[in-house]
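Below, chain A is the first sequence line, B the second, and so on; all start at residue 1.
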4 protein chains.
Amino acid sequence: MCTAANYTATDHYFGRNLDLEYSYNETVTVTPRNYVFKFRQVDELRSHHALIGISTNVDGYPLYYDATNEKGLSMAGLNFPENADYKPEDPKKINITPFEFIPWVLGQYETVAEVKEALKDINLVNISFSKEYPLSPLHWIISDREESITVESVKEGLHVYDNPVGVLTNNPTFDKQLFNLNNYMTLSIDPPKNNFAPDLVLDTYSRGMGAIGLPGDLSSSSRFVKAVFTKINSVSGSSESEAISQFFHILGSAAQQRGCVRLGDKYEITIYSSCCNTDKGIYYYKTYENSQISGVDMHKENLDSEEIISYSLIEGQQIKMQN
Amino acid sequence: MCTAANYTATDHYFGRNLDLEYSYNETVTVTPRNYVFKFRQVDELRSHHALIGISTNVDGYPLYYDATNEKGLSMAGLNFPENADYKPEDPKKINITPFEFIPWVLGQYETVAEVKEALKDINLVNISFSKEYPLSPLHWIISDREESITVESVKEGLHVYDNPVGVLTNNPTFDKQLFNLNNYMTLSIDPPKNNFAPDLVLDTYSRGMGAIGLPGDLSSSSRFVKAVFTKINSVSGSSESEAISQFFHILGSAAQQRGCVRLGDKYEITIYSSCCNTDKGIYYYKTYENSQISGVDMHKENLDSEEIISYSLIEGQQIKMQN
Amino acid sequence: MCTAANYTATDHYFGRNLDLEYSYNETVTVTPRNYVFKFRQVDELRSHHALIGISTNVDGYPLYYDATNEKGLSMAGLNFPENADYKPEDPKKINITPFEFIPWVLGQYETVAEVKEALKDINLVNISFSKEYPLSPLHWIISDREESITVESVKEGLHVYDNPVGVLTNNPTFDKQLFNLNNYMTLSIDPPKNNFAPDLVLDTYSRGMGAIGLPGDLSSSSRFVKAVFTKINSVSGSSESEAISQFFHILGSAAQQRGCVRLGDKYEITIYSSCCNTDKGIYYYKTYENSQISGVDMHKENLDSEEIISYSLIEGQQIKMQN
Amino acid sequence: MCTAANYTATDHYFGRNLDLEYSYNETVTVTPRNYVFKFRQVDELRSHHALIGISTNVDGYPLYYDATNEKGLSMAGLNFPENADYKPEDPKKINITPFEFIPWVLGQYETVAEVKEALKDINLVNISFSKEYPLSPLHWIISDREESITVESVKEGLHVYDNPVGVLTNNPTFDKQLFNLNNYMTLSIDPPKNNFAPDLVLDTYSRGMGAIGLPGDLSSSSRFVKAVFTKINSVSGSSESEAISQFFHILGSAAQQRGCVRLGDKYEITIYSSCCNTDKGIYYYKTYENSQISGVDMHKENLDSEEIISYSLIEGQQIKMQN
């Protein structure tokens with residue numbers, strides 16, 4: 001399904017794996033400040049923060065999967081089947097459809113703290129983009145350099161969770177995901193100590209044994225534990241190259257290989273992995289078949305323009321032959 | 001530590017992760033047919049199969065970590081601490097030092113079947129390359145398109161195991177590694193069935209749940225299980241690009257991220273990942289900080305020459321900016 | 001901590017392990033119909049169903065840990081630290097203190113269905129029995145032959161969960177405990193099939209391998225999974241002796257051995273295990289050091305009397321020497 | 001299948017679970033000193049140490065499952081399918097059949113040290129007791145107060161392993177069983193520390209969480225880990241009652257409940273659990289349906305007699321009614 005994370009080195013980074021068995025013609029899309037964001041139930045935004053991220057663009061409207069705005073605020077929607085529950089219109093609330101949620105948030109706010117405040121009045125309303133683009137069951141991670149939150153609209157209402165790990169995958173609900181980490185408390189990046197039977201000679205026969213018990217399957221709760229462990233213990237140099245490399249390694253720890261999750265005659269794979277430098281507005285990505293990092297820099301575009309700017313993903317393997 | 005694997009699509013591929021906390025100035029090295037391979041206890045090879053692989057070259061001698069010869073036979077040495085036991089010279093045997101083992105095998109043989117025959121007379125003798133380059137405790141995987149074997153020189157003698165999975169990591173000994181796979185028999189790429197309590201309503205809340213129980217830590221036995229599961233279930237298209245991509249994803253499933261295995265003040269990481277097309281003699285690799293695939297084609301060199309040819313690894317992140 | 005379960009053979013059985021590091025002078029206590037149950041905030045029960053169970057009796061008041069009434073309705077309180085949250089008095093509700101909860105329910109109701117109805121008006125009020133007997137953080141399982149429920153008073157309010165497995169341990173909240181069972185769906189009482197790598201020869205080297213992955217530590221969530229698996233798959237003959245034996249084996253699967261859970265200089269152990277035949281009103285039990293089953297039959301007492309009747313637990317090992 | 005263990009409090013104890021789906025009319029059998037032990041390939045023992053244990057007696061010959069001699073030496077045979085390999089007669093060796101192995105060892109030796117010496121000349125010869133009683137594939141644990149060994153006759157020959165844990169189950173071979181304990185090094189009887197992410201607030205929501213990862217299924221390798229953890233960390237008082245109680249709790253931690261291991265239309269269960277006080281020669285046992293401990297004291301018999309003395313197992317549940 002999907003894994004999102006953030007990471008702080010010198011700059012702050014935010015990105016995700018998109019795990020699916022099919023592709024929707026995604027592009028890296030820059031939405032400049034004066035593109036008019038129209039919403040179904042609330043007033044349009046004629047002027048707003050510029051955004052960069054990956055979207056499917058339908059009829060000129062960017063349906064963002066994940067994006068970052070020019071202020072460094074980032075947001076990604078991840079699959080949340082069976083749990084996501086969108087509501088009828090509520091006249092006392094600001095009614096935002098799920099597909100408008102990323103533009104509405106990133107268009108207006110600069111920090112997670114502001115978003116938390118704004119979410120008190122939000123109703124995620126069950127209006128789909130079109131017959132061809134019905135509502136996806138999603139939940140969201142919203143991050144800035146200081147903090148992250150997870151937003152889930154479920155049967156009981158809209159839950160906004162502090163996300164102290166800066167990671168999101170899919171089901172179950174975020175409270176259960178966080179709780180589950182308690183079961184892995186003793187796992188360590190250091191060599192194991194013999195607590196089992198101190199008088200017995202046991203052998204640290206391999207490096208890495210301190211984390212035995214860390215799950216490695218591709219279910220959403222196992223990917224959550226694995227990605228959190230990798231992210232929280234990550235170490236990198238301070239350069240852009242080192243930080244980006246480390247970020248893609250974090251996402252790689254929860255990536256999906258073709259063949260490991262079968263869905264009838266299809267296989268779920270990591271379609272793309274992204275890493276946005278949220279301070280510089282540069283969006284980097286890899287695809288399943290192109291391990292080279294490609295990048296788009298929002299500040300090289302005219303951010304005061306009115307039309308969205310799209311870059312097709314470079315999907316073929318880009319091999320550098322040395323002879 | 002390390003993970004090696006092979007994979008067959010249209011062509012046959014062989015490669016490995018080298019996991020260490022330091023680097024030895026490795027290069028992609030082509031050894032042409034007429035480079036004179038000298039050995040400590042047996043006659044030199046004046047003419048032999050050409051090799052391509054990664055080595056540290058000392059005093060003009062290629063100390064190969066892994067290599068493939070022009071006949072498609074491949075071999076990699078992986079760390080095997082505490083278990084590797086090299087022997088005193090045995091006058092009734094062919095005495096090969098561990099650092100000569102890859103050239104001696106790949107220089108002469110075309111198939112694993114031939115190597116198995118030759119190994120009956122081999123003694124891995126405890127002679128080091130030099131004071132500066134003492135013996136490493138290693139075991140080896142040797143593969144052609146048809147089969148793989150694992151070679152381990154331990155206290156009890158030289159063991160040659162059929163390797164039906166085409167994967168090797170490190171400790172414990174290979175018989176224990178293979179045996180351990182029995183404990184994961186029920187893990188599946190398909191959605192789980194409710195065997196636990198058929199009358200109870202249980203929920204397949206995520207894709208990938210059929211493999212819950214697959215280990216995800218970086219110890220050598222956990223990496224073995226994870227890499228075997230990924231490799232054996234791998235699916236790819238038949239093109240070179242698709243096959244290579246899938247192969248690097250297999251290795252990625254067992255890769256080591258900086259921070260997850262601490263050794264005092266250092267961290268073990270996947271220094272490089274390689275994938276050799278053994279049919280075409282093209283050696284592809286990535287490094288920890290360069291996710292683009294680089295390649296060297298042995299057939300673009302003069303394979304009848306006498307001097308080794310080396311290509312430094314391209315180690316900085318090669319980013320393709322789209323704007 | 002604790003494990004409770006029910007089980008149906010010819011008759012219906014209900015019981016529990018009490019796991020603690022100390023003992024409170026527990027007795028098997030029969031409360032006859034005309035013992036006056038006084039309550040802090042609601043009217044006393046002058047006449048009610050008779051009860052049998054284990055309690056600590058303080059000032060003539062039976063503080064029940066678990067009990068069954070003469071109609072076959074059963075209830076047990078289990079430790080629920082950090083989660084249990086009792087409330088201030090609520091004038092619109094029936095205010096029952098936690099220590100009165102078992103008598104209040106079992107004194108009046110015959111079925112779980114009736115209890116569910118009654119619970120709609122209940123407030124578990126934060127009044128302790130006395131300074132010496134402060135409130136314990138508890139949650140409860142209530143069972144009849146047809147169904148079980150779990151009752152939890154937490155920060156958000158009083159939650160009443162259907163309990164389809166008829167098992168309760170301790171933390172986390174019951175919704176999380178039930179959810180966690182999903183992760184064990186594939187575990188089976190039957191020999192494993194090779195889904196991992198169908199073309200690879202794997203060996204079913206032992207009976208019982210179909211359930212590899214079942215947890216065996218003594219944490220409350222692991223005991224829950226283990227006890228549910230054992231209970232749901234239990235098979236026994238229809239006689240009283242066979243059913244009781246099986247019931248104690250179910251509890252034994254989650255029992256705590258001295259030394260396995262250290263609390264400073266003490267160890268948590270299974271103080272007693274109980275099994276009440278709820279149809280016949282016979283309460284059976286074992287203690288940590290007396291593996292023989294002892295029994296008390298409520299119907300051998302005068303159930304129309306007014307005073308509680310207590311039997312001390314037989315705690316020394318009762319060995320039958322055959323010569 | 002089976003679990004055997006020893007335990008030392010004031011006295012030394014040795015016992016086992018016999019796990020099978022059927023029963024062979026086992027009895028507690030005392031073999032006095034002058035019963036003539038006849039052997040197929042070696043001289044009979046006309047006078048020997050007296051034995052007590054559980055056996056099936058066929059034609060007056062005690063086929064022991066486990067036994068202890070009057071010197072405190074103990075031995076048990078446990079199922080070892082696919083691995084046990086008995087040999088043709090070897091004229092240079094002392095040829096003992098597997099069914100004679102317990103009498104031959106316990107009849108003559110007082111300590112494990114002596115047995116180790118004697119085993120150097122032993123060949124376990126493939127001669128069955130009779131057509132009706134073919135050879136069982138077995139391996140053995142032999143214990144005195146000081147040490148334990150495991151004896152396995154496999155394809156490669158007779159292996160005698162020091163057994164530092166004093167526990168034996170079934171497959172795989174004992175070297176693999178011991179090695180597997182390394183994977184559980186960090187498991188602890190103490191509350192867990194947060195190594196996973198020290199800056200993250202994680203919650204020790206239950207006692208016993210320090211051992212999360214301990215297996216709880218009934219396969220032979222999981223029972224080995226669980227029984228070793230329980231035995232090695234066991235704490236008991238010094239009295240006979242306390243020590244026996246603890247010993248049966250150790251065996252209980254690896255017991256098999258009916259329904260959890262299905263074999264076609266049968267279920268494997270723990271037929272009996274035994275605990276011999278090897279200092280006093282008292283053999284205690286429980287059966288699946290009789291949880292009371294029964295006992296037979298060898299020293300209450302005439303140990304100088306010539307005929308075996310048998311006590312049928314008391315198998316019905318012995319309930320002590322208190323009213």
Exercise for review: Could you label the plane-to-plane angle of the D/H249 and C/Y288 rings as parallel, tilted or perpendicular, counting under 30° as parallel and over 60° as perpendicular?
Suggested key: parallel
Revision key, fill the gap. Per-residue tally against chain D (heavy atom, under 4.5 Å) across C/R258, C/Q317, C/Q318 peaks at C/R258
Check your understanding: At a heavy-atom separation under 4.5 Å, does C/Y285 approach chain D through its side chain, its backbone, both, or neither?
Key -> side chain
Practice item. In plain terms, say whether D/D11 and D/K280 are close enough for a salt bridge, that is, a side-chain N and a carboxylate O under 4.0 Å apart. Key: yes
Review point. C/F248 and C/S273: which non-hydrogen atoms are nearest, and at how many Å?
Key: CE2-O, 3.4 Å
Study note, to complete from the structure: So, the part of C/E82 with a heavy atom under 4.5 Å from chain D: the answer is side chain
Check your understanding: Relative to chain D, which segment of C/I309 carries a heavy atom at a distance below 4.5 Å: side chain, backbone, both, or neither?
Key -> neither
**Study point:** Geometric class of the D/F224/D/F174 ring pair [parallel <30°, tilted 30-60°, perpendicular >60°]
**Key:** perpendicular
Exercise for review: Go through the atoms of D/I232 and report whether side chain, backbone, both or neither lie under 4.5 Å from a heavy atom of chain C.
Suggested key: neither
**Study point:** Pair D/S239, D/E242: side-chain N/O donor-acceptor within cut-off below 3.5 Å
**Key:** yes
**Study point:** Heavy-atom proximity to chain D below 4.5 Å, by part of C/L187
**Key:** neither
Review point. Any idea how C/F80 and C/H139 line up, ring-wise: parallel (<30°), tilted (30 to 60°), or perpendicular (>60°)?
Key: parallel
Check your understanding: In terms of heavy-atom pairs under 4.5 Å with chain D, which of C/S291, C/G210, C/P81 leads?
Key -> C/S291
Exercise for review: Could you list which of residues 264-271 of chain D have a heavy atom closer than 4.5 Å to any heavy atom of chain C, in residue-number order?
Suggested key: D/Y267, D/E268
Point to revise | Most chain D-contacting option - heavy-atom pairs closer than 4.5 Å, from C/N323, C/V296, C/N171 | key: C/N323
Review point. In terms of heavy-atom proximity below 4.5 Å to chain D, should C/D203 be classed as side chain, backbone, both, or neither?
Key: side chain
Check your understanding: At a heavy-atom separation under 4.5 Å, does C/D297 approach chain D through its side chain, its backbone, both, or neither?
Key -> both
